[in-house]
Amino acid sequence: FWPSFFASFGDAPFAFHAHGITASAWILLVAFQSWSIHNRRRQLHRTAGLASLILFPLLTASLVMIGNVSAAGYREGGPFYLQLAPVFGYATMVALLAYLALFMLALRNRRQVHLHAGYMLATMLLLWEPAASRLLINFIPSMAVNGPGDFYKVADAIAVTIAMEMLLAVYLYVRNRQNGGPFLVVAVFLALQGAGIYLFADTETWRLLFDAYAQLPATVTVGAGFLLGTLAAWSGWSQSPGPSKVALAK
């Protein structure tokens, strides 16, 4: 992220800062949740769990803001965004849907330790692509982007890293099929994301839809992202999780 964010920290769009902060906070929260429950700090775990209900809508709103940056570039007509913004927009949309589903299921299964942990950890797989695709572009010579003729390599790098995520998710599922359902769920979303980059994201239909989206006010789209995150959190939390497997065993 150095060229597009850290090296231009003062000039980077607000959306980059918002998403950088919320995504980093989400990573820390999931790591803290893992540490707290493994060290039997149950009250800390519950408190952080309640905090996730506030953080998650901010995360989904910031993800929409990132999509809006691509949409604005597409409307402005720059060659980079004209070619790649529909791909970015499609990948962001599928990632948003995946986040919503995974977090809602994590909350609904919060008393089933392995499922709850699996769904929360599965959200982390979605954060691998933005960093890994940049690594491929910056450190593998054949993937380097040296001009407009190489813009297609950005989509290829995204697809390759999504494939890596999907393979890891499938591996984690196969290792433990009894409790590996969360990783199968995220693998399906990743398959839709990766395949859609080539089969749908560059079609005229999607470009028309994306152009229509780009014309919507940011308050509407970001507000919708926040509302969807809130509804997913509410739906997951309000659903009775039922007794834990430990309780049933007793």
Side-chain angles (χ1 to χ4, degrees), residues 1-2 5 19-20 22-38 52 55-56 59-60 62-63 66-67 84 87-110 112-140 142-143 152-201 229 232 236:
F1 296 106
W2 180 263
F5 183 51
H19 187 60
T22 54
S24 298
W26 187 259
I27 293 171
L28 293 173
L29 182 140
V30 174
F32 179 82
Q33 287 292 72
S34 178
W35 173 85
S36 62
I37 201 63
H38 276 90
S52 73
L55 176 59
F56 186 73
L59 175 67
T60 55
S62 74
L63 190 62
I66 290 295
L84 291 171
V87 172
F88 297 155
Y90 174 80
T92 301
M93 180 195 70
V94 177
L96 175 63
L97 294 175
Y99 276 120
L100 293 169
L102 293 170
F103 187 57
M104 182 178 65
L105 290 169
L107 293 177
R108 288 187 178 184
N109 291 279
R110 59 188 180 273
Q112 313 304 322
V113 175
H114 295 290
L115 286 178
H116 174 68
Y119 282 118
M120 290 297 288
L121 289 170
T123 65
M124 305 289 277
L125 285 174
L126 299 169
L127 294 169
W128 165 250
E129 179 274 314
S133 60
R134 285 168 170 79
L135 289 174
L136 291 180
I137 292 168
N138 290 326
F139 293 103
I140 296 181
S142 62
M143 298 293 290
Y152 73 93
K153 294 180 181 179
V154 176
D156 290 345
I158 293 172
V160 168
T161 51
I162 289 172
M164 293 177 183
E165 294 171 317
M166 187 175 66
L167 289 174
L168 176 58
V170 170
Y171 168 73
L172 292 172
Y173 167 71
V174 171
R175 276 194 60 188
N176 183 6
R177 296 188 183 186
Q178 182 178 355
N179 299 302
F183 299 106
L184 186 60
V185 171
V186 75
V188 171
F189 277 108
L190 290 168
L192 291 172
Q193 193 180 44
I197 286 175
Y198 296 108
L199 300 178
F200 183 64

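Numbers here are sequence positions counted from 1. Note that the structure is a prediction, hence the values are computed from the model and not measured.
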Heavy-atom pair of closest approach, residues [X] and [Y]:
X: His116; Y: Arg110; answer: ND1-CA, 3.5 Å
X: Met143; Y: Leu136; answer: CB-O, 3.4 Å
X: Ala169; Y: Leu125; answer: CB-CD1, 3.8 Å
X: Ile197; Y: Tyr90; answer: N-CE2, 3.9 Å
X: Leu107; Y: Ala232; answer: CD1-O, 4.5 Å
X: Ala95; Y: Leu63; answer: C-CD2, 4.1 Å

I'd like to check [X] versus [Y] (side-chain heavy atoms, cut-off strictly below 4.5 Å). Are they in contact?
X: Ile137; Y: Lys153; answer: no
X: Ile162; Y: Glu165; answer: yes
X: Tyr173; Y: Val186; answer: no
X: Thr22; Y: Phe56; answer: no
X: Leu126; Y: Leu102; answer: yes
X: Pro182; Y: Leu115; answer: yes
X: Tyr198; Y: Asp156; answer: yes

Working to the nearest 0.5 Å, report the span between [atom1] of [X] and [atom2] of [Y].
X: Leu84; Y: Ile158; atom1: CG; atom2: CD1; result: 7.0 Å
X: Tyr99; Y: Thr92; atom1: OH; atom2: OG1; result: 10.0 Å
X: Met166; Y: Leu192; atom1: CE; atom2: CG; result: 10.0 Å
X: Gln33; Y: His38; atom1: CD; atom2: NE2; result: 12.0 Å
X: Leu29; Y: Ser24; atom1: CG; atom2: OG; result: 12.5 Å

Test of ring centre spacing under 6.0 Å for Trp26 and Phe103: yes

Short side-chain to backbone donor-acceptor contact, Thr123 and Met120, under 3.5 Å: yes

Checking Phe88 against Ile66 for the side chain to side chain contact (heavy atoms under 4.5 Å, CB included) test, could you report, in this order, the C-alpha distance in whole Å, the side-chain angles of both residues, the deciding distance, and whether it holds? CA-CA 9 Å; Phe88 297 155; Ile66 290 295; over 6 Å; no

Near Tyr171 OH, under 6.0 Å, is it more than 12 heavy atoms from other residues, nucleotides or ligands? no

What's the verdict on side chain to side chain contact (heavy atoms under 4.5 Å, CB included) for Val185 and Tyr119, showing C-alpha distance, side-chain angles and the deciding distance? CA-CA 9 Å; Val185 171; Tyr119 282 118; 4.2 Å; yes

